Amino acid sequence: MPELPEVEVVRRGLANWVAGRTVADVQVLHPRAVRRQPAGAADFAARLTGTTLGAAQRRGKYLWVPLGGAGAGFSLIGHLGMSGQLLVQDPSVPDETHLRVRLRFADGGRELRFVDQRTFGGLAVEEAEEDDPEGTPLSIAHIARDPLDPRFDDGAFVAALRAKRTTVKRALLDQTLISGVGNIYADEALWRSKLHYERPTATLTRPQAALLLASARGVMTAALAVGGTSFDSLYVNVNGESGYFSRDLDAYGREHEPCRRCGTAIRRAPWMNRSSYFCPRCQRVPRAADGG
DNA sequence: CAGTGGCCCTGTCTGC
DNA sequence: TGCAGACAGGGCCACT
């Protein structure tokens, strides 16, 4: 599924292939793909048609494009969810099975297609923050910056994390605290930091919290470096087949495989209707949570 | 108000 | 062979 590196690749693709182009026609083929648009699919299409796309931006896994011309003051926002793809395709390419939205451009060139099998992703045209050159949509004002953002505040994050009364993996997935960290990166950051996913945040020392942040930033930086090279440059492509997952991950998806630090078999535990992968030796269960 | 848990969605895989 | 259920999981929202 698209993670932060793939989303960043998509952002770069949008910047390369659709920036400066004027939208001539919008087709919504599945209403759920624009469910964030309060007034519906027709309104989405009307707000987008005739606008000019600006420079693509990203925060965590959210993408957006400030709109110019008829769309000034608004942005096209997108989230890929689990299975979303934004493809720049020649109009002659047959429609994908799960094509949800199509944008045609006034120049008659390649069209932009939103393809999404599981429909957790979606697009919307939303009002942007006033006087913000990046056109940040109002609806994501509460989303924290991600650790690859130069304006991410490390000290504030460490303090806020330790002030939380929850467990550490929940906190890592809390988008108001830090964005861009999903289940995979959470497990990887915890493995690198030798922390159990149920460790209470209030018991983290300042150095442990700082190490956790450095670990999250490190794994995402490494993934971006690899993910950035595994896509066809002709497309704004998310093909879900990038190779770094199996090669570089230390915990996620490695149940029964040896821990790369100590050799102990990695375990998978059900957690929040998901899974947590961890080394039972390197990442000890906190006393309060191990039931004796 | 902060924290918690359920739900959305569909294709693939496993087990009976 | 066929069907049921588990699983993938980010973000929203109702509830405590």
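As the structure is a computational prediction, the values presented were derived from the model and not from experiment. Naming convention: chains lettered A, B, ... in sequence-line order (proteins, then strands); numbering from 1 in each chain.
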Any Lys/Arg nitrogen of [X] or [Y] sitting under 4.0 Å from an Asp/Glu carboxylate oxygen of the other?
X         : Y         : value
Asp250(A) : Arg254(A) : no
Glu188(A) : Arg192(A) : no
Asp25(A)  : Arg102(A) : no
Arg21(A)  : Asp107(A) : yes

What is the distance, rounded to the nearest whole Å, between atom [atom1] of [X] and atom [atom2] of [N]?
X         : N       : atom1 : atom2 : value
Lys61(A)  : dG9(C)  : NZ    : P     : 9 Å
Asn273(A) : dC8(B)  : CG    : P     : 12 Å
Met272(A) : dC13(C) : CE    : P     : 16 Å
Met82(A)  : dC7(C)  : CE    : C1'   : 9 Å

Enclosure of His142(A) NE2 (heavy-atom neighbours >12, cutoff 6.0 Å): yes
Nucleic acid contacts - residues 154-180 of chain A versus DNA chain C, non-hydrogen atoms under 4.0 Å: Gln175(A)
dG9(C) base stacked by Phe120(A) (centroids within less than 5.5 Å, tilt under 30°): yes
Any side-chain donor near an acceptor of the partner, Glu96(A) and Gln85(A), under 3.5 Å: no
Members of residues 134-151 of chain A that approach DNA chain B, where some heavy atom sits under 4.0 Å away: none
Minimum side-chain heavy-atom gap Trp17(A)-Leu112(A) below 4.5 Å: no
Steps toward side-chain contact (heavy atoms from CB on, under 4.5 Å) verdict (His98(A), Val115(A)): CA-CA 5 Å; His98(A) 302 292; Val115(A) 177; 4.2 Å; yes
Result of checking Tyr62(A), Phe114(A), Phe120(A) against His79(A) for ring pair (Phe, Tyr, Trp, His ring centres under 6.0 Å): Tyr62(A)
End-to-end axis angle, where each axis spans five pairs of the helix from dA2(B)-dT16(C) to dC16(B)-dG2(C), to 10°: 50°
State whether [X] places a side-chain N or O below 4.0 Å from either non-bridging phosphate oxygen (OP1 or OP2) of [N].
X         : N       : result
Ser275(A) : dA8(C)  : yes
Arg32(A)  : dC9(B)  : yes
His79(A)  : dG11(C) : yes
Arg36(A)  : dC12(C) : yes

Geometric cation-pi criterion, Arg260(A) with Trp191(A): 6.0 Å, 45°: no
